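Here's the structure, in structure tokens; my notes come after.
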2 protein chains.
Amino acid sequence: MDIDGGQIRARNSLGRLTQSIVDDVGAAIVTGKFEAASMMPIEADLCTRYQASRSVLREAMKVLNAKGLVTSRPRLGTTVTTPDRWNLFDPDILRWMLRADISLSLLIEFTNVRLAIEPMAAELAARNADAAALQAVTDGYARMAAADEGHDDPLTADIAFHIAILEASGNRFLQRLKPLVETALTFSIRYTDSIARNEQDKLAAHHRVAERLRARDATGAAGALRQLLLDTRDLMTNRL
Amino acid sequence: MDIDGGQIRARNSLGRLTQSIVDDVGAAIVTGKFEAASMMPIEADLCTRYQASRSVLREAMKVLNAKGLVTSRPRLGTTVTTPDRWNLFDPDILRWMLRADISLSLLIEFTNVRLAIEPMAAELAARNADAAALQAVTDGYARMAAADEGHDDPLTADIAFHIAILEASGNRFLQRLKPLVETALTFSIRYTDSIARNEQDKLAAHHRVAERLRARDATGAAGALRQLLLDTRDLMTNRL
DNA sequence: GAACATAGGAATGATATGATAAATGCGTCA
DNA sequence: TGACGCATTTATCATATCATTCCTATGTTC
């Protein structure tokens, strides 16, 4: 962003102008730069502020409206909604929140969601998934093992493992959590790995999940994954 | 909608024009009237089809894009994304899907999500919720009991009960699932209640949850809720 | 004849400006 | 005093035009 006497022009070299305005205003709302439950500047002011035409600004606002960050009414203007209306399941919003401040409490809340979701996904996967889908989980583990030897990226390997389980569940809702988990795990793993941790234990825990899945042991796989996540949560809560 | 020789004009008396186009095109995509993974008509054609200016049509498309239903590129046009990219956690999309055909399998998948989420919410609520939040759960039960005597609406009372538990969890992600659960439960309850069912059993199961919550019994509350949902799921799977 | 450069075309992206509709407050008139 | 109408403000809708992108097809060169 180029700051120029209070005027901000989003760089249109990086992607489209509308998208960059969505990014900027969205992040500003999420980080509290526009006070919640209060009025936004009127369209015309935002236009001059971002040096954009009304159309492009309106399209950006429509997107933010779809994400639940703002509501607009004629004559009244556009208001920022209260945080409890924000759709945390939108990866954009989550990314803005996590990027602004790596809130440990938010990561713990996210881990609690994983603790609910992932064992169920493993259970469904053990029951219903086809061989190819389970192979993807094993592949994810193989990548983690390779990363441990320095032959792969540990972050993306770990994410691939957990994503593969969601995919294998066959449940469309759980599959739709992939972008969310991907976004949040990027921050979460980076955080937990920054704490001293036994990599072998972590690897073994993941292996146990993959192995139980291959054996089609629904409760075993769910239990193993649950234990893995409980350890992760403990790691975080001990830091509070 | 007024059909007029292939042209459709969304009624702008009911809400805003943009919103009605989003509704119409979104529902059309979700119900397969625009073939998935294929090109949409170009902007100009959609404009004449919906008798709308390009501005409003573009704003509508931006919203659909934000929901993950379409992607647009210059020169190439707008393409419908494959269903695995649709954000089922967007209440609009879920509503369009459920309204189009009350797909039992989708409801079962949704129940599996509830089976993962709600016991965790109850557990967190038993541990952390303040008295007022727990009172809301009890109030929800009271409404269900009143509805059983004909003094309240059974559907909204049931929804209020489950929503209150999500709210009481204190977990921002789980709280964000309220609109989703509200939308899906509207269809789900309507379906299960259409099957012969013992209302007293249902009421008693809900009572057990509320009672365990008041007692701050985390595992007890989670278990009771889990049992309630297992029964619901059985009711549905038996119909497959 | 094949590889590369280039010009054209078709679609979305962005801008500018005018007209319309809705919500609110204020003033006027019964 | 109270109800109604009007002006004002702001979002919403419409239209016209230019910019950008990127595929396609046509040459042009080696």
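Chain identifiers are assigned alphabetically (A, B, ...) following the order of the sequence lines, protein sequences preceding nucleic acid strands; residue numbering begins at 1 within each chain. As the structure is a prediction and not an experimental result, all values here were calculated from the model.
For C/dG13, one of the phosphate oxygens OP1 or OP2 lies less than 4.0 angstrom from a side-chain nitrogen or oxygen of B/Arg58. Contact between the side-chain N/O atoms of A/Ser72 and the OP1/OP2 oxygens of D/dT10 is not found at any separation under 4.0 Å. Dashed line: the shortest gap from a side-chain N or O of A/Thr78 to OP1 or OP2 of D/dT10 is not under 4.0 Å.
In this structure, the CG atom of A/Asp45 is 14 Å from the C1' atom of D/dA11, given to the nearest Å. Taking atom CD of A/Gln51 as the reference point, atom P of C/dG13 lies 22 Å away to the nearest angstrom. Taking atom CD on B/Gln19 and atom P on D/dC13, their separation rounds to 10 Å, with Å as the unit. The CG-C1' distance, from B/Leu57 to D/dT15, rounds to 14 Å in whole Å. For the pair A/Glu59 CD and D/dT12 P, the computed distance is 13 Å after rounding to whole Å.
The listed nucleotides are D/dA11, C/dA16, D/dC13; the one nearest the side chain of A/Ser53 is C/dA16.
Heavy-atom nearest nucleotides on DNA chain C were determined for B/Glu43 and for A/Leu76, and the one closer to the 5' end corresponds to B/Glu43. Where A/Arg75 and A/Ser55 meet DNA chain D, the nucleotide closest to each residue was compared, and A/Arg75 sits on the side nearer the 5' end.
At least one test fails for B/Arg176 against the ring of B/Phe173: distance under 6.0 Å to the centre or angle within 45° of the axis.
Interface remark: the A/Arg54 side chain does form a donor-acceptor pair with the C/dG18 base, using a distance-only criterion of under 3.5 Å. No N or O donor and acceptor, one from the side chain of B/Arg73 and one from the base of C/dG13, sit under 3.5 Å apart.
There is a side-chain donor-acceptor pair under 3.5 Å between A/Thr156 and A/Arg143.
Among all heavy-atom pairs drawn from B/Leu180 and B/Pro91, the shortest one is N-CG, 4.2 Å.
Checking side-chain atoms of B/Thr81 against main-chain N and O of B/Gly68 turns up a donor-acceptor pair under 3.5 Å.
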